[in-house]
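The structure appears below as structure tokens.
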Amino acid sequence: MSHEHVSYLELLTRGAATEAYDRPVLLARASGAGPEALAELEEAKQLALRVRAELEGRRRREAELSALFATAHDLAGLRDLDAVLRAIVQRARALLGTECAYLSLNDPAAGDTYMRVTEGSVSARFQQLRLGMGEGLGGLVAQTARPYVTDDYFDDARFQHTRTIDTAVRDEGLVAILGVPLSLGSQVIGVLFAADRRARVFEREQVALLGSFAAHAAVAIDTANLLAETRSALAELERANDIIREHSGVIERASEVHDRLSELVLHGGGVHDVAHAVSEVLGGTVEFTEEGAGTARRAGGHAVREGDDWVAAVSAGGETLGALVLHGQPDLDPVDQRTLERAALVTSLLLLARRSAGEAEQRVRGELLDDLLDAPDRDRRLLKERAARLRTDSEAPHVVLAARIDRAGGTAEQDTGGRESADRQRLWSAATHLAATRHGLASARDGGTVLLLPLGPGESAAELARQTARSLGGTLREPVTVGASAPVRAPLDHLDQLAVAYEEARRCLDALRLLHRAGQGAAAEDLGFLGLLLADGRDIGGFVDRTVGQVVAYDRRRGTDLIRTMDAYFASGMSPARTKDELHVHVNTVAQRLERIGRLLGPDWQSPARALEIQLALRLHALADAVTTP
């Protein structure tokens, strides 16, 4: 081996700079070496340089592999995601020899990418930067899932420059930037960057190296997510084990409730029986409600939690009939949830069966009332038997009521045929339910509904009419007007009076609508002299008593002459001055008597409508006195 070859080995051994490899050739040329010797030295130099490049590459790859192995070791003992990502960014910066390295993560909700970790950054604005998808170099990498590199960012027209991004990059002083995607499968979750504050060219190996670190970062994030999901799953498993331990008899309870529900259905149990049985099995309190099933209905038949309660919709054929609500068991076992859902299904079946039976009973009630109104000559014994089967007290006094829906001051006849038919059906349904609860009868008739209801103790026909209007109106959420007849005592013993009472109720209903009192209920006694004309009984004494009875009674007790004073007052055109001449008293006396009358009859007694009724009552009172006076 020649001395020159030894020189090259020494240069390789001590890792000399590239320029040092020219020295042996220059010395040989200076000493007068021949062309062959110089050519051999040149060949040896090139070989040494190749060996040097190979050694440099190996050392670089060794450092890279060492960093990658260290990163993999960090991942194996992952405890703190932030610490691992920071280590990856630090190693990337060191190996690529850049002044700055940073990592951003995508925010799917906001539709952008934000800075997660920075190393070598000095600008707070840059550290808080957010890039929209496709904006700047990083936004383009996040959008396309491809690496991008630039030796001078501000002179590179490939990127969408925005004021926010450019201001932040300028604050940081960055010029050359390399960005590679962080990918999990086909999904980009962020970008890893290396950047310098001077122009430089990133080589292909450096791009590949940063990509390796990006893959580690993506694995770190995925591992952290998997660990979080694993911890969550373990927590769920522990909770499930706790539930199993705490509810070791849940399967037995489910079997028990199935047997009890089956027995209830077979033996004709009701909705509340189901609720009671489920309450005992589940250890809480179950109630059936016709409202509050909105959330459970949207859950598609599953029990859902609302606060501390569980709710299962009771539905059939797309119609929600109500809900079963469980109180007192906020942490309900999944099997017990199915038990509640099964109970809701059984409840829906019972309700449908009850509805079918109820509709049949409603038709029977309607048919009986139609027979009572249309055929008074039917066999009274058979009618009483039919009424008894419907639990109707035929001996009690009853009132006939005519009801119609009145909306926005209009009449049902003004509606379209379809709307009117729907109104009649809804009113009939509500009326038959009311009749069943009050042990009465109801039927659709003459475009409206007719009811035959018993009077309660001390109840008047007018009070019953008002109650019926409120009840039907509240159920339908529409104004329902109700006219009532005078009471009919023992209606099955006075069948001829029922048709007459129905006509009186209809006249009363028509009067209410003409008086613009839609949505109210009244009997003839509520309508003053108009009621006197409408009523078939012509209760003149009752009308006089309701209108001026308090004044008559006051005169009898005190020996005063208020009735005569009112006669004179109206006869004088309601003039106190002419009244005092008619009565031959002082005008102050007239004023005192009128004031007393106002206290007895109310302050509106001189209004046109009241005055008309009072004058009619005074005439009838005088007529009655003339008839009874010998």
Side-chain angles (χ1 to χ4, degrees), residues 59-108 112-124 126-131 136-150 168-169 172 174 176-197 200 202-230:
R59 279 195 293 269
R60 186 177 62 253
R61 285 193 294 275
E62 182 180 351
E64 293 172 357
L65 287 174
S66 176
L68 292 175
F69 281 134
T71 302
H73 181 269
D74 289 343
L75 291 177
L78 178 65
R79 292 295 181 270
D80 183 353
L81 176 62
D82 284 338
V84 174
L85 294 181
R86 189 170 293 107
I88 290 173
V89 171
Q90 290 171 348
R91 289 169 186 148
R93 177 192 178 199
L95 285 176
L96 269 68
T98 58
E99 297 173 278
C100 188
Y102 46 97
L103 182 148
S104 69
L105 291 182
N106 291 0
D107 185 345
D112 61 8
T113 184
Y114 64 95
M115 291 297 179
R116 181 71 159 76
V117 179
T118 63
E119 178 67 23
S121 171
V122 295
S123 168
F126 183 79
Q127 294 166 13
Q128 298 171 7
L129 181 63
R130 299 185 76 98
L131 298 82
L137 185 147
L140 191 59
V141 174
Q143 184 183 59
T144 63
R146 295 173 54 193
Y148 276 87
V149 61
T150 179
V169 173
E172 193 61 54
L174 300 181
I177 305 174
L178 166 62
V180 296
L182 277 70
S183 302
L184 289 176
S186 60
Q187 180 185 7
V188 177
I189 63 172
V191 180
L192 179 61
F193 301 86
D196 257 335
R197 296 185 175 90
R200 66 170 287 179
F202 289 98
E203 299 176 356
R204 182 179 301 174
E205 292 81 1
Q206 293 173 318
V207 176
L209 176 61
L210 194 64
S212 297
F213 279 109
H216 278 300
V219 170
I221 294 170
D222 192 36
T223 302
N225 291 337
L226 289 175
L227 283 174
E229 292 174 2
T230 301

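In this chain, numbering begins with 1 at the start of the sequence shown. Keep in mind that this is a model prediction, so the values were computed, not measured.
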Spacing of Ile189 atom CD1 and Asp107 atom CG [to the nearest 0.5 Å]: 13.0 Å
Which atoms form the tightest heavy-atom contact between Ala142 and Val191, and what is the distance? N-CG2, 3.8 Å
Between Pro147 and Val207, the two heavy atoms sitting closest are CB-CG1, 4.4 Å
Taking side chain to side chain contact (heavy atoms under 4.5 Å, CB included) as the definition, give me every residue that meets it alongside Glu203, ordered by chain and number, with sequence neighbours left out. Glu205, Gln206
Point-to-point distance, once rounded to the nearest 0.5 Å, from CD of Gln143 to OG1 of Thr113: 12.0 Å
Side chain to side chain donor-acceptor pair (under 3.5 Å) filter on Gln187, not counting sequence neighbours, yields none
For Val188 and Pro181, work out which heavy atoms get closest and say how close. CG1-CB, 4.4 Å
Considering all heavy atoms of both residues, which atom of Val141 and which atom of Gly179 are nearest to each other, and what is their separation? CG2-O, 3.8 Å
Which distance, rounded to the nearest 0.5 Å, do you find between the CG of Leu178 and the CZ of Phe202? 5.5 Å
Under 3.5 Å donor-acceptor, Thr150 side chain and Ala176 backbone: no
Looking at every non-hydrogen atom in both residues, tell me the closest pair between Thr118 and Gln127 and how far apart they are. OG1-CG, 3.8 Å
At their closest point, which heavy atom of Leu184 faces which heavy atom of Ala218, and how far apart are they? CD2-O, 3.5 Å
Can you tell me how far the CD1 atom of Ile177 sits from the CZ atom of Arg197, to the nearest 0.5 Å? 11.0 Å
Mind checking whether Phe193 and Tyr102 have parallel, tilted or perpendicular rings, split at 30° and 60°? parallel
Atom CZ in Arg86, atom CG in Leu103: separation rounded to 0.5 Å? 11.0 Å
With side chain to side chain contact (heavy atoms under 4.5 Å, CB included) as the criterion, how do Leu131 and Ser104 come out once you've worked through the C-alpha distance, each side chain's angles and the decisive distance to 0.1 Å? CA-CA 9 Å; Leu131 298 82; Ser104 69; 5.6 Å; no
Whether Glu172 side chain and Phe126 backbone form a donor-acceptor pair below 3.5 Å: no
Can you tell me how far apart CD1 (Ile221) and CD1 (Ile88) are? Round to the nearest 0.5 Å. 8.0 Å
Would you find a donor on one side and an acceptor on the other, under 3.5 Å apart, between the side chain of Asp196 and the backbone of Glu99? yes
